[in-house]
Every structure is written in structure tokens, then in C-alpha cells.
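We use all heavy atoms of the structure for the numbers below, so side chains are in, but hydrogens, waters and symmetry mates are not.
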Amino acid sequence: MTSMKKAEQKIVVLTGAGISAESGLSTFRDNNGLWENHRVEEVATPEAFDRNPDLVHGFYNRRRQALSEVKPNAAHLKLAEIEPLYQSFLLVTQNVDDLHERAGSQNLIHMHGELLKKRCVLCHQVSHQRNDLSVESICQYCHQQGTLRPHIVWFGEMPLLMNEIMLALMQCDLFVSIGTSGTVYPAAGFVEVANQSGAHTVELNLEASEQASQFKESFHGPASSVVGDYFN
């Protein structure tokens, strides 16, 4: 469906919760506005972590454990398959799971952090984490106890690597948004940046997002089928 030869294109792909939902991971919030029966203010803000670190650690420990029960779906696999075909390919995901990595994607930015990493609030070192975290956990770098938190971007915090993302958007020929509602900034503003840069912009989503009119093309359906259809 693309208008240029892939080898000549610079592409930025944005993925959201919709692509992981098809693998069995719960989306960001349920229809009632709760996240696994918790209000966002209880588990997804720096203030929540300061107030009740045990609750927050428990919440992310369960989400980390759930990763072993799911696997990449056809949409994840297709994105990994096509990555080498483009002159430049950047995959930006709002998801904190590791399904893109397990599918084989290489040039990838987790703008909202990663469940399988931790960060020390004292020495700021980031490292891999597969087991549970707690207030008793000790930082392997500064050797302090109780300083480790999930490497997740919470509400009120700046998404990661925004300079790199914005530069890629300003230079891309094609921007494709997959499985995202288009309501959470700054990701919701990516299509505007890409449009202003002259890129062809495409939405692949289960249904039309609030920003569907900003895209030059829109295709709707499950990510596991519509992604394959578009990139074939």
C-alpha cells in the first residue's frame, strides 16, 4: 500500500496498547477507568510510590510476571520482519512489555519505560529486572536499600528519548500509528509533526481514533490482521 519503494523510505512506527491486547495483555485502563482495580493515582504517579511503595511494587510485580504468559502476535512479528527493508526504521512504543523485542525488533524506543527494567532513584542507574522488586531490594550500583523503582514513566513524568523521537518524525517519509487511541500526549501529537514534515501518515487501529481525520489514510481492524495487510 505504500507509495515509495521501501528501501528508499524513512519510517517511524508508533504502537500502543491495542497491539499488545491481542496477545492477552490488559490495556492501559479498563472501561471503568481503573487499572487492575486501582485508580491511576494509586499506582502510576511518583507521589503514589512515595506514599505506598509496597502497593506500587506489588502492582508492577504482577504485571511483570504476566509477561511470561503471553507471546508476540502477528503484528509484532510483521513489524520485525519489515524493519530491514527500509532505509531507516524506528519503532516507538507506548507499551512497557517486551513483546516487540521477543518478535525480533531491533531499532526500538520504549517511550514509557519497560517492565523488565528498574531504576535507582539515588544513583539513576537503569538495569534489567525479571524478578520481583520490593522496598528491601538493594541497588547493585550504589548498594543502597529501598531506592529501586520500576523503570516506568508515570503520570507527571517526561517520556523517554523525546529528542530522538522528534528528530525521526521530522525526517521520516512515512508515519504509521498502530493500536493507539491518540488521546495521550505527547504521542498524540506525533501525527501532526509528521504531517508538517511532509510524511505520509497512516492509522492502523481497531476503530477510528479521535485523531483519525489527521491521517492521510486509515485502515481499521485487529492489529494482527491489518498490519500484515498494510505492509504486504
Ignoring hydrogens, what is the shortest heavy-atom contact between [X] and [Y]? Give both atom names and the distance.
| X | Y | answer |
| --- | --- | --- |
| Val12 | Cys172 | CG2-CB, 3.8 Å |
| Phe175 | Leu169 | CD1-CD2, 3.7 Å |
| Leu206 | Pro222 | CD1-N, 3.8 Å |
| Arg63 | Leu115 | O-CD1, 3.7 Å |
| Ala80 | Ser105 | CB-N, 3.6 Å |
| Asn205 | Gly179 | OD1-CA, 3.2 Å |

Answer yes or no: is there a side-chain heavy-atom contact under 4.5 Å between [X] and [Y]?
| X | Y | result |
| --- | --- | --- |
| His200 | Gln9 | no |
| Thr180 | Thr15 | no |
| Leu99 | Leu25 | yes |
| Leu85 | Phe231 | no |
| Leu79 | Ile178 | yes |
| Phe190 | Val92 | yes |
| Asn232 | Lys78 | yes |

Is the backbone N or O of [Y] less than 3.5 Å from a side-chain atom of [X], with the two atoms forming a donor-acceptor pair by type?
| X | Y | value |
| --- | --- | --- |
| Gln145 | Glu136 | yes |
| Glu22 | Asn73 | no |
| Asn195 | Gln214 | yes |
| Glu83 | Phe89 | no |

Report all side-chain donor-acceptor pairs from residues 150-168 shorter than 3.5 Å, counting only partners two or more places apart or in another chain.
unit_1 : atom_1 : unit_2 : atom_2 : d
His151 : ND1    : Arg119 : NH1    : 2.7
Trp154 : NE1    : Tyr60  : OH     : 2.9
Glu157 : OE1    : Arg149 : NH2    : 3.2
Glu157 : OE1    : Trp154 : N      : 2.8
Glu157 : OE2    : Arg149 : NH1    : 2.8

State yes or no: do [X] and [Y] share one hydrophobic cluster built from I, L, V, M, F, W and Y residues joined by side-chain heavy-atom distances below 4.5 Å, directly or via other members?
| X | Y | answer |
| --- | --- | --- |
| Val193 | Phe215 | yes |
| Leu91 | Met111 | no |
| Leu90 | Ile11 | no |
| Val96 | Val56 | yes |
| Leu174 | Val191 | no |

For [X] and [Y], test the side chains for any donor-to-acceptor distance below 3.5 angstrom and give the result as yes or no.
| X | Y | value |
| --- | --- | --- |
| Ser23 | Lys71 | no |
| Gln211 | Ser209 | no |
| Ser20 | Asn95 | yes |

If you round to the nearest 0.5 Å, how far is [atom2] of [Y] from [atom1] of [X]?
| X | Y | atom1 | atom2 | answer |
| --- | --- | --- | --- | --- |
| Asp173 | Thr201 | CG | OG1 | 12.5 Å |
| Leu108 | Asp98 | CG | CG | 10.5 Å |
| Gln129 | Leu148 | CD | CG | 7.5 Å |
| Arg130 | Arg64 | CZ | CZ | 10.5 Å |
| Glu203 | Ser218 | CD | OG | 4.5 Å |
| Ile138 | Gln144 | CD1 | CD | 9.0 Å |

Geometric class of the Phe219/Tyr230 ring pair [parallel <30°, tilted 30-60°, perpendicular >60°]: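 Plane angle between 30° and 60°, so tilted.
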
Asn61 vs Leu133, side-chain contact (heavy atoms from CB on, under 4.5 Å): CA-CA, chis, key distance, verdict: CA-CA 7 Å; Asn61 287 341; Leu133 277 175; 4.1 Å; yes

Single hit among Ser127, Cys139, Ser137 for side-chain contact (heavy atoms from CB on, under 4.5 Å) with Lys118: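 Exactly one candidate clears the test, Ser127.
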
What ring-ring contact (aromatic ring centres under 6.0 Å, His included) pairs are there with at least one residue in residues 96-150, not counting sequence neighbours?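 For residues 96-150, and leaving out neighbouring residues, the ring-ring contact (aromatic ring centres under 6.0 Å, His included) pairs sorted by first residue read His76-His100.
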
